Amino acid sequence: MPPIRIHLSPPHMEPADLAMIQAAFASNWIAPSGPDVDAFEKEFAAKIGVKHATAVSSGTAALHLALRVVGVQPGDEVICSTLTFVASANPIRYLGATPIFIDSDRSTWNLDPALLAAFLETRARLGRVPRALVLVHLYGQSADITPIMELCDRYGVIVVEDAAEALGTTYKGRAPGTFGRCGIFSFNGNKIITTSGGGMLVSNDPELVRQAKFLGTQARDHEEYYQHSQMGYNYRLSNLLAALGRSQLRVLDERVAARRETFERYQTRLANVPGLTFMPEASFGRSSRWLVCVQIDPAVFGMDHESLRIALNEENFESRSVWKPMHMQPLFAGCECIGGEVAEELFLKGLCLPSGSNLALADLERVVAVIRRCAGLG
Ligand SMILES: *Cc1c(COP(=O)(O)O)cnc(C)c1O
């Protein structure tokens, strides 16, 4: 048993990170603005290939601003993937809009384009097309963006991409988050790079990003005194944290490589375990493999995913169930969901294994040994 607990996806810090924070501290830019915020925005936009970016205090804040600047109004309907973290759906409600959930495609675990097509066709006939879609890219894997964008363009649905889990991912060579009207990212402590807490809103539309920045900084009018014509928020990222984001961004490619290597190591060592399968990688892109997710078939494996989670926990390893779909949440009881069986099954069989980019090989081998023992393979 490792003496210290091995977490699911802990922060991965190096001396260069501390040096960046110290430099920002020494400059006395201890504020939610400053040169590191500006530089982080520019460097982030350049890294993922988008024209404009604004740094904010969380991915959730970024999504709230994104939905607001694309024009989501109280009473609107907004489509959202059902298999996701609650932060994909909550901002829809912040704006007084109503979420409609859509099931996953088995080959990507992300939004099923065929279900979306059928749903939009029905709604178009009724003259009730939803305002927008929050398109989630789950666990480092991109959704199948091309057919989804084509459908949304045809029916006039605005696409906002939730790429919080997909920094470092590609779709046909481009970064998810750069295809829709705007996209959001998260730098929460468990994400592939972190500022402890933070987020980014990106878009190729300068006016949209300018408006998001304005609303995220209390929507102060251009007067010498404090005048406000719109309701804003205090969502800006601290300059100290932006400095950390800059050093983290420099090692993003290494972090993706490490996560993919971790995935491959698990896959090699667990390939012949009956009743255990890995989240597939779609052919259209490269997953960052943010988390290593497996499906446990209890009838074949010999125990269910929750018993495996408890067994790992007893050995000081943290694993977690796959996201519980939004249509199964008490919070969203009564909301419409198109399909749902795929997401339910992924949740009921799914487990995320320790996946950190700093996971030592010896610890990974121990996780593998626990899983093999639970499967009766000794
Ligand atoms: C982490 C996450 C968010 C929210 O990001 P925070 O920075 O934690 O607010 C949104 N959507 C998904 C899918 C996430 O995993």
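Reckoned from all heavy atoms, side chains included, excluding hydrogens, waters and symmetry mates. In each ligand, atom 1 is the first atom listed, and ligand 1 is the first ligand listed. A quick note: this is a predicted structure, and the numbers were derived from the prediction, not measured.
The side chain to side chain donor-acceptor pair (under 3.5 Å) test with Arg259 singles out one residue from Ser288, Ser9, Ser287, and that residue is Ser9.
When only modelled atom types and interatomic distance are considered, Arg372 and Asn272 share a side-chain donor-acceptor pair under 3.5 Å.
Pocket lining of ligand 1, defined as residues with a non-hydrogen atom under 4.0 Å away: Ser58, Gly59, Thr60, Thr84, Phe85, Ala87, Ser88, Asp162, Ala164, Glu165, Ser186, Asn188, Lys191, Gly198.
For Arg373, the salt bridge (Lys or Arg N to Asp or Glu O under 4.0 Å) test picks out Glu315, with sequence neighbours left out.
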Anything under 3.5 Å between a donor and an acceptor, one on a side chain of residues 324-335, the other on a protein residue two or more places apart or in another chain? List them.
residue: His327; atom: ND1; partner: Thr82; partner atom: OG1; Å: 2.8
residue: His327; atom: NE2; partner: Glu344; partner atom: OE2; Å: 2.7
residue: Gln329; atom: NE2; partner: Lys324; partner atom: O; Å: 3.0

Return a table of donor-acceptor pairs under 3.5 angstrom between the side chains of residues 348-357 and protein atoms on other chains or two or more places apart.
residue: Lys349; atom: NZ; partner: Glu345; partner atom: OE2; Å: 3.2
residue: Ser355; atom: OG; partner: Val292; partner atom: N; Å: 2.9
residue: Ser355; atom: OG; partner: Leu353; partner atom: O; Å: 2.4
residue: Ser357; atom: OG; partner: His12; partner atom: ND1; Å: 2.8

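Phe301 has its side chain within reach of Ile371: a pair of non-hydrogen atoms, C-beta onward, lies under 4.5 Å apart.
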